[in-house]
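As structure tokens, the structure follows; a few thoughts come after it.
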Amino acid sequence: MDEMDFPTPDVPVESITPEALKEQIDAGEPVTLLDTRMESDYEEWRIDGPTVESINVPYYEFLDDEIDESVLELIPDDEEITVLCAKGGASEYVAGTLIERGYDVNHLEEGMNGWASIYEAVEVERYDGPGTLLQYQRPSSGCLGYLVYDDGEAAIVDPLRAFTDRYLEDAAELGVELKYAIDTHIHADHISGVRNLDEEGVEGVIPAAAVDRGVTYADDLTQAADGDEFQVGDVTIETVFTPGHTTGMTSYLIGGSLLATGDGLFVESVARPDLEEGDEGAPDAARQLYESLQERVLTLSDDVLVGGAHFSDAAEPAADGTYTAPIGELVETMEALSVDEEEFVEIVLADMPPRPANYEDIIATNLGQQSVDDDEAFTLELGPNNCAASQDALTGD
């Protein structure tokens, strides 16, 4: 049964928006979720948090007029419950059946698709370069992007196709012209928005080193080579070649204050090295990553902030709510940044998570080798990013 086929419940069902649910979780309020998706979908990707209790009971368990008592025993009857599914149809139906049985429930509008539509902009308060720097955060997948603006101009680093209109609207609201849309590499977990923004008159920029992977549209965009600079008001964005996660991985030093590291270095881990050449090429890629970190990233001032393209559930936000950290702090807390090359390779290869869902199709789309419409693109990138080398944080006390 497709979610669109679920009948309208016979009783009124209150709903909660994804934004309101996130506010509850961020505020540390106790939240109980009844996730009615299939177990495999639930295990791959779900809403978590320190105060979140999540229960998985697939929707089909609620289709019969007589729901099995063993199912109902899984659901607390003394607290409010938010029912969710993939798109919102099944959860409304299930919520209705539970209301009829005396449960205090609501349902999540648009389900996990609605959760994936949350996209927040948070100012990086420790950024001390020219202009203002915002970090975009997509909590459903851990994707991060950066908008820097100064003197009427702006640039976005690692934009997502799903939020193309959002960047243009934000720039208009800030009273600035979005001048550049810049990618750090060929992403494996989300569809890039660089080409879409380029079509809207923004200058699209991709790393020159990524072109050899088979980029079909390279001649239509600006190619950034190591050392190239892009100017936004008084902000200089310097290209810093940092291969390892991919052969074309490129970081951008924004205003001399924050290094947008793409998937090379995160606040809780280093990059996984197997998404381009697979398991066979992972050791060599890990060695390349080690050189990039030691020779390009860690030679910068300890005060320079690191801002990756992703964060995982293991990451801890800074005081300003952004997933950024000074290089000096990461060196102190992440053992992988202080060991020799062979031990680094061993650490990186030891505990890699499953590869991102649909990563081969996402890479092919980002290379321009296949085309998908907006709905297909949104569906492809649903789920966790899994771009870090470890399922747990590599940082510690």
Would a distance-only check, ignoring hydrogens and angles, find a side-chain to backbone donor-acceptor pair under 3.5 Å from N106 to I16?
-> no
Between S251 and T242, do the side chains contain an N or O donor and an N or O acceptor separated by less than 3.5 Å?
-> yes
ILVMFWY cluster, L258 and V205 together (side-chain gap under 4.5 Å) = yes
Side chain proximity check, L337 to L265, heavy atoms < 4.5 angstrom | yes
For T239 and D228, indicate whether the former's side chain and the latter's backbone hold a donor-acceptor pair under 3.5 Å.
-> yes
Aromatic ring proximity, centroids under 6.0 angstrom, F62 and Y93 | no
Minimum heavy-atom separation for L293 to G264, with atom names?
-> CD2-O, 4.2 Å
Distance-only side-chain donor-acceptor flag, S15 / E109, under 3.5 Å | yes
Taking atom CG of D65 as the centre, report whether more than 12 heavy atoms of other residues, nucleotides or ligands fall under 6.0 Å from it.
-> no
Between R138 (side chain) and A116 (backbone), is there a donor-acceptor pair under 3.5 Å?
-> yes
When rounded to the nearest 0.5 angstrom, what distance separates CG in L134 from CG in L174?
-> 6.5 Å
Assess R287 against Y290: is NZ or CZ under 6.0 Å from the centre of the six-membered ring, and within 45 degrees of the ring's axis?
-> no
Shortest non-hydrogen contact between L298 and Q294, atoms and distance = CD1-NE2, 3.6 Å
Pair F266 and Y323, ring centroids less than 6.0 Å apart = no
Between E110 and K87, is a salt bridge (charged side-chain N to carboxylate O under 4.0 Å, His left out) present by the stated rule, with each step listed?
-> CA-CA 4 Å; E110 300 181 5; K87 299 179 181 178; over 6 Å; no
Are side-chain N/O atoms of D128 and S257 paired as donor and acceptor at under 3.5 Å?
-> yes
Minimal heavy-atom distance between G262 and T184, with the atoms involved, is CA-OG1, 3.5 Å
In terms of hydrophobic clustering (I, L, V, M, F, W, Y; side-chain heavy atoms under 4.5 Å; direct or indirect links), are L33 and I81 co-clustered?
-> no
Any chance you could measure L178, atom CG, to L147, atom CG, to the nearest 0.5 Å?
-> 6.5 Å
Determine yes or no for a side-chain-to-main-chain donor-acceptor pair under 3.5 angstrom, with R272 supplying the side chain and P353 the backbone.
-> yes
Classify the side-chain pair H187/D158 by whether it contains a donor and acceptor separated by less than 3.5 Å.
-> yes
Between T236 and Q231, is any side-chain donor less than 3.5 angstrom from a side-chain acceptor?
-> yes
Donor-acceptor pair, side chain of Y252 and main chain of D183, under 3.5 angstrom | yes
Quick one: do I363 and I191 end up in the same hydrophobic cluster if we chain Ile, Leu, Val, Met, Phe, Trp and Tyr together by side-chain heavy atoms under 4.5 Å apart?
-> no
Is there a donor-acceptor contact under 3.5 Å from the side chain of T250 to the main chain of G248?
-> yes
To the nearest 0.5 Å, what is the distance between OG1 (T82) and CD (Q24)?
-> 6.5 Å
In terms of heavy-atom contacts, P159 and I182 come closest through CD-O, 3.5 Å
Close side-chain approach of D303 to P326, heavy-atom, < 4.5 Å = no
The residue among I67, V83, I75, L63 that forms side chain to side chain contact (heavy atoms under 4.5 Å, CB included) with V94 is V83
Are Y119 and Y167 close enough, and set up right, to give a side-chain hydrogen bond (donor to acceptor under 3.5 Å, both in side chains), and what steps lead you there?
-> CA-CA 11 Å; Y119 202 50; Y167 305 126; 2.7 Å; yes
Is it the case that R195 places NZ or CZ above or below the six-membered ring of Y217, under 6.0 angstrom from the centre and within 45 degrees of the axis?
-> yes
Would you confirm whether S292, through its side chain, and Q288, through its main-chain N or O, come within 3.5 Å as a donor-acceptor pair?
-> yes
Ion pair D279/R355, N-O distance below 4.0 Å = yes
So which heavy atom on V232 is nearest to which on V148, and how close?
-> CG1-O, 4.0 Å
Is it the case that E268 and S312 place a side-chain donor and acceptor less than 3.5 Å from each other?
-> yes
One should read off an interatomic distance between K22 NZ and S140 OG, to the nearest 0.5 angstrom, of 10.5 Å
Lys/Arg-Asp/Glu bridge criterion (N-O < 4.0 Å) met for R213, E276 | yes
Say whether D35 and S54, considering side chains only, have a donor N or O and an acceptor N or O under 3.5 Å apart.
-> no
Rounded to the nearest 0.5 Å, what separation is found between the OG1 atom of T324 and the CD atom of Q135?
-> 6.0 Å
Do L74 and V52 belong together in a cluster built from hydrophobic side chains that touch within less than 4.5 Å?
-> no
Would you call D226 and R296 a salt bridge, using N to O less than 4.0 angstrom?
-> yes
Hey, is the main chain of L72 close enough, under 3.5 Å, to the side chain of Y103 for a donor-acceptor pair?
-> yes
Distance in Å, Y146 OH paired with I254 CD1, rounded so as to fall on 0.5 Å steps = 8.0 Å
Any donor-acceptor N or O pair under 3.5 Å, side chains E80, T32 = no
Distance-only, no hydrogens or angles: does the E376 side chain make a donor-acceptor pair with backbone N or O of D373 under 3.5 Å?
-> yes
Is there a path from M112 to I25 through hydrophobic residues (I, L, V, M, F, W, Y) whose side chains come within less than 4.5 Å of each other?
-> yes
Among L197, T164, I156, V194, which one satisfies side chain to side chain contact (heavy atoms under 4.5 Å, CB included) with V202?
-> L197
Verify, without hydrogens or angle tests, whether S117 (side chain) and N113 (backbone) share a donor-acceptor contact under 3.5 angstrom.
-> yes
